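The structure appears below as structure tokens.
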Amino acid sequence: MVHRRILSLWFPHLGADRILRGARGHIDAPLAVVAEVSNAQVICALSPAAETEGLYVGQPLRDAHALCSHLLTRPQDKLAEARFLAALQRWAGKFSPWVAVADPDGLTVDLTGCAHLFGGESELILQVERDCAEMGLSVRLGLADTLGAAWALARYGGAEVGSDRTGDAIDQEARATRSRAHPRKKGKTRHWTRGGTAPEVAVHGGAGRIIPAGQAYSALSPLPVAALRLEAGIVAQLNRLGLRQIGDLLGQPRASLARRFGRGLVDRLDQAMGSAPEPISPARAPDHFAVRMGFPDPIGLIEDLMAGVDRMLPRLCARLEARGKGVRLLRLEAHRADQETEVLTLGLARATRDPARIRPLLEMKLDQIDAGFGIDMLRLEGLQVEALHDRAPAGHADARRAARTRQEDGTALEDLMGRLGARVGLENLTRLHPADSHIPEKTSKTLAAAWSEPAQDWPTPPRPRPLLLWPPELVMAPDVPRLDGTFRWRGRDWQLAGATGPERIAPEWWLDDPNWRSGVRDYWCVVTTCGARLWLYFAHGGTMSRGWFCQGSFA
């Protein structure tokens with residue numbers, strides 16, 4: 001019978017080690033990573049140098065500064081720590097393909113059938129420690145038959161179980177007596193059996209970190225009950241009853257434990273001893289879509305490059321289709337004979353896996369590649385992919401024909417945007433969408449055409465709007481709300497033939513728009529004797545002077 005062998009890796013200084021690695025040796029002072037808990041700043045990770053100053057995780061930052069005046073602090077970045085742990089997961093894949101993340105600062109590796117590849121379990125553990133030392137990481141580990149046992153050994157291996165009795169007579173009195181006693185001294189930490197931090201005792205030597213097969217009972221018995229991954233409240237209850245070690249629980253009736261502390265305690269105990277299964281669910285490796293082609297002799301002609309693309313592109317699209325994906329951002333790498341690399345990036349207006357739609361866009365950009373002394377290898381990679389769903393036409397023949405027509409029209413527009421984007425960049429292609437505002441210049445918003453759908457159902461304005469709209473320009477006219485006769489605009493005199501209005505528009509009082517500090521406006525559609533139709537308004541004045549302005553022109 002083959003026993004499972006589980007390796008648990010715990011990085012007690014993960015947050016601080018990540019920052020120290022990024023500093024590349026420029027941080028010499030004790031470092032603490034600080035998080036905000038209940039509107040208070042609390043230490044969540046420490047560097048080894050900070051631990052030697054007497055600081056501990058969970059300590060308020062103000063107390064830490066009182067103990068260590070030269071303490072250097074950094075805010076916690078949970079997203080960066082998660083990415084760092086994901087990178088460590090990829091590194092642990094060298095020891096076993098079955099690696100899972102144990103949030104927030106550990107990894108679980110199923111080493112069943114893998115240890116002999118590294119010369120045995122002891123040699124494998126030494127290799128893990130050497131790798132972590134080279135990466136500048138602090139690690140504690142445990143190897144056992146079960147996940148619960150390995151987890152307990154990594155975090156509590158070598159911890160000594162103390163008594164609740166501290167020797168303080170007043171502290172041992174009843175709660176009412178203790179409430180009248182003197183307060184606890186500042187800086188005094190609580191015992192681990194009363195909710196404090198468990199003692200961390202480093203264990204040296206491979207034997208203390210490996211539980212031989214079938215010996216979890218004797219190895220876990222001296223460890224504290226907190227090593228069973230129990231809630232702090234249950235641990236405190238067990239300690240008050242004198243059940244401080246795992247061995248104290250093993251001899252107790254399971255039914256009594258379940259009635260008193262719940263089914264969770266019994267389940268954790270069974271999982272640690274191997275009586276209950278606890279599977280490991282490794283994270284699925286992300287999809288990676290890339291193909292490459294090497295050449296026996298360097299090439300440099302565009303025709304030769306396109307011949308290589310014609311061979312690689314169908315293979316890449318076939319992989320995308322097998323995964324139900326479509327590529328949105330594509331990169332072509334041309335590795336030259338002089339060890340230099342030419343890179344082309346192609347953005348598509350819509351995700352696709354059709355080689356016929358991608359090939360013309362790549363061909364348009366191949367002239368940007370400098371072949372130099374020749375190209376030895378081409379590599380095509382999908383940087384950004386999206387899910388594509390196959391659609392089967394159904395229904396009446398006319399409905400299918402209409403759907404096919406709409407699909408072809410949409411494809412033609414997307415292909416056009418792709419060709420224009422290959423020349424000028426997709427970020428320079430925009431389209432307008434309606435916006436909910438009564439201010440003329442705010443009735444539309446500009447969106448990127450490649451990442452938005454065509455606008456539908458534009459709202460009808462209460463009055464006709466001009467075809468051209470520009471920033472207000474000053475008009476020389478009498479300072480009255482109605483135009484009569486002539487007015488001067490853009491250095492020219494205009495003769496009034498007719499005017500329609502007014503349409504009063506007030507500024508948004510909840511926003512301070514500099515262009516609307518002239519107050520309420522009365523808009524007029526003005527027709528001149530030369531046939532021009534202009535959009536003029538009279539500003540009644542606010543924080544700025546009143547007067548006439550021109551803002552647009554009708555068709």
Side-chain angles (χ1 to χ4, degrees), residues 4-21 33 35 43-48 51 56-58 76-112 114 121 124-133 135-159 192 197-203 206 208-211 216 219-220 223-224 226-232 235 268 271-272 278-284:
R4 292 181 66 197
R5 300 299 288 169
I6 308 299
L7 174 65
S8 179
L9 302 177
W10 179 39
F11 305 97
H13 309 133
L14 181 69
D17 288 343
R18 181 190 66 85
I19 297 175
L20 292 175
R21 278 174 51 87
V33 181
I43 294 178
C44 62
L46 290 168
S47 66
E51 284 190 343
Y56 58 91
V57 175
Q76 184 184 25
D77 189 345
K78 292 185 178 180
L79 183 59
E81 291 180 5
R83 289 197 295 261
F84 186 56
L85 194 59
L88 292 177
Q89 180 187 10
R90 293 192 294 270
W91 156 77
K94 66 184 289 187
F95 303 105
S96 171
W98 212 258
V99 184
V101 173
D103 290 328
D105 52 6
L107 295 175
T108 303
V109 185
D110 191 341
L111 289 178
T112 306
C114 300
E121 294 177 349
L124 186 144
I125 285 181
L126 293 177
Q127 181 64 42
V128 171
E129 290 182 333
R130 284 194 294 267
D131 290 353
C132 291
M135 293 186 290
L137 300 177
S138 302
V139 63
R140 295 183 61 181
L141 44 83
L143 182 59
D145 290 341
T146 63
L147 172 57
W151 190 95
L153 189 61
R155 289 158 176 81
Y156 293 91
W192 69 268
T197 305
E200 297 183 4
V201 181
V203 180
R209 293 164 292 180
I210 300 176
I211 300 178
L220 296 182
L223 297 184
L228 293 176
R229 297 172 290 172
L230 302 176
E231 298 179 0
V235 173
R268 286 301 191 187
Q271 289 173 352
E278 187 176 6
I280 298 176
S281 300
R284 182 178 178 181

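Everything quoted here is computed from the prediction, not taken from an experiment.
- Panel note: side chain Ser8, backbone Gly142; no donor-acceptor pair is recorded below 3.5 Å.
- Rounded to the nearest 0.5 Å, atoms CH2 (Trp10) and CG (Leu153) are 12.0 Å apart.
- Here the straight-line distance linking atom CG of Asp131 with atom CG of Leu137 works out to 10.0 Å at 0.5 Å rounding.
- In this structure, the side chains of Ser138 and Pro48 come closer than 4.5 Å at one or more pairs of heavy atoms.
- Val99 has its side chain out of reach of Pro282: every pair of non-hydrogen atoms, C-beta onward, lies at least 4.5 Å apart.
- For NZ of Lys78, the number of neighbouring non-hydrogen atoms (other residues, nucleotides, ligands) closer than 6.0 Å is 12 at most.
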- Message: Would Asp105 and Glu81 count as a side-chain contact (heavy atoms from CB on, under 4.5 Å) here? Give the steps.
- Response: CA-CA 9 Å; Asp105 52 6; Glu81 291 180 5; over 6 Å; no
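- Pairing each heavy atom of Leu223 with each of Tyr156, the nearest pair is CD2-O, 3.3 Å.
- With rounding to the nearest 0.5 Å, the separation of CD1 in Ile19 from CG in Asp77 is 8.5 Å.
- Summarising the geometry of Leu85 relative to Pro104, their closest heavy-atom pair is CD2-O, 3.6 Å, with the distance given to 0.1 Å.
- Considering CG of Leu9 and CG of Leu141, their distance stands at 6.0 Å, rounded to 0.5 Å.
- The closest side-chain heavy-atom distance from Leu88 to Leu107 is below 4.5 Å.
- Here the closest non-hydrogen pair linking Cys114 and Pro97 is SG-CD, 4.4 Å.
- Considering only heavy atoms from C-beta on, Leu230 comes within 4.5 Å of Arg268 through its side chain.
- Contact annotation: the side chain of Thr108 approaches that of Ile6 to within less than 4.5 Å [non-hydrogen atoms, C-beta and beyond].
- When side chains are defined from C-beta on, Ile43 does not count as touching Tyr56, because their heavy atoms never get closer than 4.5 Å.
- Taking both residues in full, the closest heavy atoms of Ala272 and Leu228 are given as CB-CD2, 4.0 Å, listed atom of the first, atom of the second, then distance.
- With respect to the salt-bridge test (charged N to carboxylate O, under 4.0 angstrom), the residues Arg5 and Asp110 do not qualify.
- Judged purely by atom type and a 3.5 angstrom limit, Trp151 has no side-chain atom pairing as donor or acceptor with the backbone of Arg229.
- Other residues, nucleotides and ligands place more than 12 heavy atoms under 6.0 Å from the CH2 atom of Trp91.
- When all heavy atoms of Arg155 and Gly106 are compared, the closest pair comes out as NH2-CA, 4.0 Å.
- In terms of heavy atoms, Ala227 sits closest to Ala152 at O-CB, 3.3 Å.
- For residues 6-18, no pair satisfies salt bridge (Lys or Arg N to Asp or Glu O under 4.0 Å), with sequence neighbours left out.
- At most 12 heavy atoms of other shown residues, nucleotides or ligands fall within 6.0 angstrom of atom CD in Glu231.
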- Message: Is there a side-chain contact (heavy atoms from CB on, under 4.5 Å) between Trp98 and Ile280? Walk through the geometry before answering.
- Response: CA-CA 8 Å; Trp98 212 258; Ile280 298 176; 4.0 Å; yes
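- Ion pair Glu278/Arg4 not flagged as a salt bridge, since none of the NZ, NE, NH1 or NH2 atoms sits closer than 4.0 Å to an Asp/Glu carboxylate oxygen.
- Taking SG of Cys132 as the start and CD of Gln127 as the end, the distance is 10.0 Å to the nearest 0.5 Å.
- Counting only heavy atoms from C-beta outward, the side chains of Val33 and Leu46 never approach each other to under 4.5 Å.
- Side-chain atoms of Leu220 and Ile211, non-hydrogen and from C-beta on, do get closer than 4.5 Å to each other.
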